[in-house]
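Positions are given from 1 along the sequence. No experiment lies behind these values; they were computed from the predicted model shown.
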Amino acid sequence: MNDFPTPDELLTRPFFFVGIGGSGMLPLAQILRGRGAIVAGSDRSFDQGHSPEKFAALERQGFTLHPQDGSGIVSRDQIVVASAAVEDTVPEIARAKDFECLRLTRAELNSILFNTSGAGLAVAGTSGKSTVTGMLGWILHATGREPTIMNGAVMTNFVSPERPFASAVVGGQSLYVSEVDESDGSIALYRPAVGVLLNVSLDHKSMEELRQLFGDYLARSRIAVVNADDAEALALLPHAREAITFGIDQAKAQIGVVPGSIAEGPMRQAALVVDRHDGGEHALRLGLPGRHNLSNALAAVAAAAAAGVPVAAAVEALAGFDGLSRRFELIGVSANGITVIDDFGHNPEKCAATLRTLKAHQGRILAFFQPHGYGPLRQMGDELAETFANLLDGEDRVILSDPVYFGGTVDRSEGSERIVRLIEQAGGAAEHIPQRADVGDRLAQIARPGDRIVVMGARDDTLSGFARELYQRLA
């Protein structure tokens with residue numbers, strides 16, 4: 001096995017990404033390519049003809065794409081980047097073992113780039129990471145800091161005809177902004193100059209494991225930025241060496257909101273942000289609805305302040321933030337007033353935030369949820385069912401398809417039908433429709449003027465295409 005490379009050596013070695021189109025892989029590939037590295041890759045979706053526009057854009061940007069048959073692994077010098085969950089039977093992994101190639105996980109590679117930057121700004125938490133990463137990256141960009149940004153979602157502000165899938169920005173090497181993941185424990189690899197903690201709630205791991213991971217993360221951060229409105233996050237504050245708190249409700253939070261100043265519409269909101277360091281008040285205009293997005297904005301302002309950006313400048317920059325793909329993304333409103341929204345909600349907290357935002361305004365909700373795996377569904381199924389049952393009422397409906405499945409040996413004995421039973425037992429209205437095409441037929445059949453249809457789920461790029469096709473059908 002090759003010795004572990006230094007950051008400078010990384011750029012002199014060719015890279016091969018297994019699953020290059022994935023939300024965690026693509027931005028890293030873009031950052032390496034932007035810094036001059038040779039990058040190739042393969043992807044099951046590329047082989048299957050899914051998301052052709054994404055892979056065509058990658059080829060235009062200079063990435064070499066191969067079938068996922070091992071043919072792209074040709075040299076011992078290649079560094080093979082693959083998810084820790086990729087099985088050894090995948091042809092690229094087998095070939096990489098034969099060649100004795102160095103293999104890195106996505107998180108290992110990202111942590112090398114992060115930890116060797118001038119200052120790494122990390123965004124952690126069960127929900128909201130991508131949005132806050134996008135907001136913080138945009139603040140730093142708009143105020144001339146030239147950050148490099150590694151995100152798990154496409155940032156609308158940075159999209160261009162040449163880069164339609166802008167989930168990364170290649171800036172300087174002094175500031176590196178990245179979301180960091182607790183679901184696989186890889187958050188332990190990062191040593192942040194600024195470490196943001198948004199919330200702590202059930203998703204992939206038990207609460208005991210999450211408290212340990214996030215507490216250690218705060219202890220490693222030079223400056224911690226903690227959500228004072230989240231009881232679990234606030235309880236970990238003693239782990240921090242130095243901290244800035246933010247919150248909508250907590251009167252003692254250092255970055256907060258003037259009581260009574262929040263004005264919210266269906267797709268935007270405004271508030272007065274208060275900096276309790278000096279008592280300054282700053283008018284925030286945000287092109288995203290929902291209390292959770294106001295909290296996300298406060299997190300980004302607080303993190304930017306920790307990095308030296310004045311609160312007034314950060315708040316002003318957020319007025320120009322255009323949001324992220326699949327984060328409460330408005331696909332369109334049909335001529336008869338049916339709204340279609342594409343959303344990344346996939347765990348109880350994310351789904352609850354989206355549903356609360358919708359329930360704050362008039363109109364029946366038709367929620368389609370595609371679970372992002374059989375394992376996560378077992379882990380959080382009870383809480384997920386409770387979320388849908390408690391937040392949807394009256395004539396609202398939720399439809400679950402079978403979980404997304406890309407192959408492998410995962411146990412598929414327990415699926416969406418159990419969640420539907422739990423929702424119904426709690427008094428909610430739910431349907432299990434296994435195939436997504438049939439879900440589209442059902443939604444088109446029952447939708448009526450004034451309805452809001454929200455398409456929810458993760459780990460499947462084709463959900464956005466489904467949302468667009470559904471809108472076109474209704475239009």
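Here the two rings, on Phe466 and Phe368, have centers that are under 6.0 Å apart. For Phe369 and His346, the ring centers are positioned 6.0 Å apart or more.
Screening Val274, Asn227, Val273 for a side-chain contact (heavy atoms from CB on, under 4.5 Å) involving Leu298 leaves a single residue, Val273. Exactly one residue among Phe214, Phe114, Tyr176 makes a ring-ring contact (aromatic ring centres under 6.0 Å, His included) with Tyr190. That residue is Phe114. Tested against Thr462, the residues Arg436, His50, Gln370 include a single side chain to side chain donor-acceptor pair (under 3.5 Å) partner, Arg436.
Proximity of a side-chain donor or acceptor of Glu209 to a complementary backbone N or O of Ser206 within less than 3.5 Å is detected. In terms of modelled atom types and a separation under 3.5 Å, the side chain of Thr126 and the main chain of Ser201 share a donor-acceptor contact. Ser42 places no side-chain N or O within 3.5 Å of a backbone atom of Gln68 that could act as its donor or acceptor partner. Asp229 contributes a side-chain N or O that, together with a main-chain N or O of Ile248, makes up a donor-acceptor pair within less than 3.5 Å. Between the side chain of Asp275 and the main chain of Gly280, no donor-acceptor pair closer than 3.5 Å is present. For the pair Glu424 (side chain) and Arg421 (backbone), a donor-acceptor distance under 3.5 Å is absent. Of the possible polar contacts, one joining the Asn157 side chain to the Gly320 backbone as a donor-acceptor pair under 3.5 Å is found. A donor-acceptor pair under 3.5 Å is absent between the side-chain atoms of Asp342 and the main chain of Ala467, judged by distance alone. Between the Lys54 side chain and the Gly21 main chain, a donor and an acceptor come within less than 3.5 Å of each other. When atom types are taken as modelled, the side chain of Arg103 and the backbone of Ile93 share no donor-acceptor pair closer than 3.5 angstrom.
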### Working for salt bridge (charged side-chain N to carboxylate O under 4.0 Å, His left out), residues Glu182 and Lys129
CA-CA 11 Å; Glu182 82 291 344; Lys129 293 187 290 292; 3.6 Å; yes

### Task
In sequence, state the C-alpha distance, the side-chain angles, and the governing distance for Ser130 and Glu179, and then conclude on side chain to side chain donor-acceptor pair (under 3.5 Å).
CA-CA 6 Å; Ser130 296; Glu179 58 176 300; 2.7 Å; yes

### Message
Pair Thr131, Asn293 - check side chain to side chain contact (heavy atoms under 4.5 Å, CB included), show working.
### Response
CA-CA 8 Å; Thr131 299; Asn293 278 320; 3.8 Å; yes

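Side-chain contact between Val177 and Thr148 is absent, with no heavy atoms from C-beta onward closer than 4.5 Å. You'll find the side chain of Leu272 stays beyond 4.5 Å of the side chain of His282, heavy atoms only. When side chains are defined from C-beta on, Phe165 does not count as touching Val159, because their heavy atoms never get closer than 4.5 Å. Counting heavy atoms from C-beta on, the side chains of Leu294 and Ile262 come closer than 4.5 Å. Side-chain atoms of Asn199 and Glu232, non-hydrogen and from C-beta on, never get closer than 4.5 Å to each other. By the 4.5 Å heavy-atom criterion applied to side chains, His239 and Tyr217 are not counted as neighbours. Taking the side chain as every heavy atom from C-beta outward, Ile255 and Ile244 approach each other to under 4.5 Å. Under the 4.5 Å side-chain criterion, counting only non-hydrogen atoms from C-beta, Pro27 is not in contact with Asn151.
In this structure, CG in Leu234 is found 10.5 Å from NZ in Lys252, a value given to the nearest 0.5 Å. In this structure, the separation between OG1 on Thr143 and CD1 on Ile139 is 7.5 Å, given to the nearest 0.5 Å. The structure places CE of Met155 at 10.5 Å from NE2 of His141, a figure rounded to the nearest 0.5 Å. Considering CD1 of Ile79 and CZ of Phe15, their distance stands at 4.0 Å, rounded to 0.5 Å. Distance check: Asp460 CG to Arg326 CZ gives 8.0 Å after rounding to the nearest 0.5 Å. Atom CG of Asn110 and atom CE of Met25 lie 11.0 Å apart (nearest 0.5 Å).
The environment of Arg191 atom CZ is sparse: at most 12 non-hydrogen atoms of other residues, nucleotides or ligands sit within 6.0 angstrom.
Under 4.0 Å is where a charged nitrogen must lie from a carboxylate oxygen, and between Asp396 and Arg364 no such pair does. A salt bridge between Asp393 and Lys359 is present, with a side-chain N of the basic residue lying under 4.0 Å from a carboxylate O of the acidic one. By the 4.0 Å N-to-carboxylate-O rule, Asp216 lies too far from Arg211 to be salt-bridged with it. A salt bridge does not link Glu316 to Arg285: none of the charged nitrogens lies less than 4.0 Å from a carboxylate oxygen. Look at Arg418 and Asp382 and you find a salt bridge, because one of the NZ, NE, NH1 or NH2 atoms lies within 4.0 Å of a carboxylate O, short of that distance. Between Arg397 and Glu431 there is no salt bridge, since none of the side-chain N atoms of the basic residue sits less than 4.0 Å from a carboxylate O of the acidic one.
Side-chain N/O atoms of Gln254 and Thr245 include a donor and acceptor closer than 3.5 Å. Between the side chains of Asp343 and Thr354, at least one donor N or O sits under 3.5 Å from an acceptor N or O.
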